[in-house]
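Here's the structure we're looking at; comments come further down.
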Amino acid sequence: MNTKFSNKTINLPLWRGVAIVSGIFAILICTMVIVNYIQINKVDPVNTEVINSLVERLNDNPGDNQLREQIREMDLLVRKAFFTNQWEVRTGAYLLLLSLIVMIIAMQIMRMGKKTLPSVDEAYSQNIISYQQNARKWVGLGGSALVLVTLILAFITHKDLGTRFTDAAKIAKAKTERANEVTPDDAVADKSKEVEKELAGSEVKSENKEIKKTVETPVEETAQAKPVEKVEEAKKTPDAKKYTGQYPSKEMMANFPSFRGPGGNGIAYHKNIPTEWDGASGKNIKWKVTIALHAYNSPVIWGDKLFLSGADANQREVYCYNTQSGKLVWTAKIGQIPGSPDQVPDVTPDTGYAASSLSTDGESVFAIFSNGDLIALDMNGKPVWSKNLGLPDNHYGHSSSLVVFEDKLIVQYDHKKGGKVMAFSTKTGDELWSTARKVKVSWASPVVVKNGDRAEVLLAADPCVASYDALTGEELWKLDCITGEVGPSVAYANGIVFALNEYASLVAIKTGDQPEILWEAYDYLSDVPSPVATDKYLFVVTSYGLVACYDALSGELYWEHEFDNGFYASPILVDGKIYLIDRVGSMHIFKADKEFVSIATSNIGEKTDSTPAFADGHIFIRAGKNLYCIGK
């Protein structure tokens with residue numbers, strides 16, 4: 001060791017102080033984490049006696065709006081407590097490791113800076129030397145044990161807390177689904193006071209579900225959106241390949257080729273869309289046909305052809321209907337696909353074996369099923385190409401829908417064994433690009449937009465919202481800003497991407513070379529319906545029946561409106577109006593404006609969870625086992 005160098009450059013008292021302070025800080029963090037662990041295990045943050053009591057009171061008196069608002073406020077407090085605990089545990093573990101690293105570095109520098117190696121005074125007896133050695137050993141072992149215990153408790157606390165909220169959310173979701181089960185007869189019958197009371201009770205359960213959420217993002221008590229200054233894990237956007245084409249193309253805009261319309265962005269470019277019909281009397285119901293196999297995917301349209309799929313554990317089929325007559329033009333039975341697994345995937349009843357919507361480019365129609373079978377059929381139902389992407393490891397069942405960008409079929413394939421987004425040739429099925437994604441399983445669908453001179457594929461899955469070059473698959477940007485089991489797809493307008501999840505937050509992201517979070521909100525979130533945006537407004541739909549309108553740029557909440565029933569279908573923006581169908585089949589039509597203005601409400605008379613498709617003068621609705629055409 002160069003002691004001359006050390007004597008001149010190392011300030012021993014300074015580093016001794018650093019070591020002492022970092023050591024004390026580490027002990028303090030250990031104490032706080034242990035105390036936090038003890039406190040969390042004394043209380044149940046999910047099932048609070050106060051909130052449960054309030055919910056019971058609201059069940060008895062569903063018209064008490066003041067009590068309903070009180071529950072909302074308590075909901076925010078519970079969420080904040082959860083967020084705070086999550087933040088404390090996670091941050092505490094990081095600070096503990098950081099303080100230990102600083103202390104070790106300081107001690108190492110001190111050792112290097114000493115003039116001579118430590119020597120033992122001959123006057124010391126052998127017992128004193130042995131005592132010092134034992135003391136150092138036990139202090140070291142004790143400190144290491146304390147750190148290890150602290151990290152284990154931090155991990156257990158973080159995991160256990162998240163699990164408790166996740167389990168509670170699943171239980172609440174199951175209760176809500178049972179509560180929302182409505183038969184066709186119920187939907188068309190006059191609403192008696194008794195039924196209204198039951199529906200109000202289901203709303204209360206839905207609100208109670210909102211209390212039991214798993215979120216990792218800090219929350220504010222205010223109901224207003226707030227500006228966010230911090231940019232999280234942004235990286236400089238690489239040079240994307242310049243895109244000079246038009247997307248969506250005029251042909252796509254003239255049709256409805258994907259889930260949520262062209263590019264999957266929730267916009268239909270049609271006129272003369274009906275606003276009034278009635279399933280019971282048949283008013284403006286042009287035709288109605290029964291679909292052979294049930295599923296939750298939504299219709300897609302090209303010209304006079306409408307496509308759907310259906311499946312059960314043993315069969316997979318694609319259907320083509322004539323949009324004018326409702327006649328079944330052809331049925332394609334899907335089987336004998338190379339690599340298709342013998343194993344039937346586990347799915348839940350509300351997802352099924354064919355939840356993903358099809359997509360078409362006018363030359364072929366593309367379908368994907370829960371077992372990973374991907375197939376292209378020509379417009380006459382003849383197979384063009386097919387392949388299996390591997391059995392998705394997805395505990396609800398695969399539901400990401402397909403979208404076409406020029407000659408590429410875009411597939412979002414985020415599941416437990418690794419996420420990725422892929423592009424296949426629409427002509428041959430050859431893989432054109434594939435990009436791995438470090439995300440958790442998701443049920444969202446890709447949205448493709450032209451953003452300046454780029455064509456971007458926008459995806460959402462825990463933990464990020466990400467953009468990929470649609471031409472090459474290269475990741476353009478990514479922001480870690482979303483958590484939980486992501487179901488809603490993103491919305492895009494005017495260079496801003498909007499993403500949300502029920503157990504996370506609503507995030508507005510300004511895209512570009514340095515993407516940044518413009519604002520966040522936490523009050524009205526969704527676990528199924530996707531949002532829709534214009535240049536001025538963002539419309540958010542919750543599964544429990546509330547719709548909120550925000551200023552797209554500032555996040556200011558303009559209005560909120562609560563409907564009688566919940567939503568699984570996504571809203572579609574059509575000719576300045578929002579079309580939104582609820583779970584009992586009532587289509588709510590209102591202006592896409594700063595104030596809530598209802599235009600009409602029309603009932604199909606059958607339970608509906610699929611998003612409608614639009615054509616000039618017509619609406620197509622998959623409801624229950626039937627397909628409806630609305631129009632004259």
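Note that this is a predicted model, so its numbers are computed, not measured.
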Just by distance, do the side chain of [X] and the backbone of [Y] share a donor-acceptor pair under 3.5 Å?
| X | Y | value |
| --- | --- | --- |
| S400 | A444 | yes |
| T608 | S610 | no |
| S442 | A461 | no |
| S309 | V318 | no |

Next item on the list: For S364 and D378, test the side chains for any donor-to-acceptor distance below 3.5 angstrom and give the result as yes or no.
Entry: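 No, D378 and S364 have no side-chain donor paired with an acceptor closer than 3.5 Å.
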Check: Side chains of H395 and D346: do they bring a donor and an acceptor to under 3.5 Å?
Finding: no
Note to self: Students often mix this up, so state it plainly: with edges at 30° and 60°, are the rings of W330 and F307 parallel, tilted or perpendicular?
What the structure shows: tilted
Next item on the list: Begin with the C-alpha distance, continue with both residues' side-chain angles, and end with the deciding distance and a verdict on salt bridge (Lys or Arg N to Asp or Glu O under 4.0 Å) for D407 and K427.
Entry: CA-CA 7 Å; D407 62 343; K427 306 290 186 185; over 6 Å; no
Checklist line | Heavy-atom pair of closest approach, residues A332 and G381 | finding: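 Shortest heavy-atom contact: CB-O, 3.9 Å.
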Notebook entry, point to check: Using 4.0 Å as the upper bound for N to carboxylate O, is an ion pair formed by D462 and K440?
Noted result: yes
Checklist line | Ionic contact status for R583 with D609, cut-off 4.0 Å | finding: yes
Is the [X] to [Y] ring centre distance short of 6.0 Å?
| X | Y | answer |
| --- | --- | --- |
| W443 | H415 | no |
| Y579 | F614 | yes |
| F620 | Y628 | no |
| Y413 | H398 | yes |

Check: Would you say the side chain of V541 lies within less than 4.5 Å of the side chain of F539, judging by non-hydrogen atoms?
Finding: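 In short, these two side chains do not touch, never coming nearer than 4.5 Å.
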Margin query: For residues 386-396, which residue pairs pass the salt bridge (Lys or Arg N to Asp or Glu O under 4.0 Å) check, not counting sequence neighbours?
Written below: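 For residues 386-396: none.
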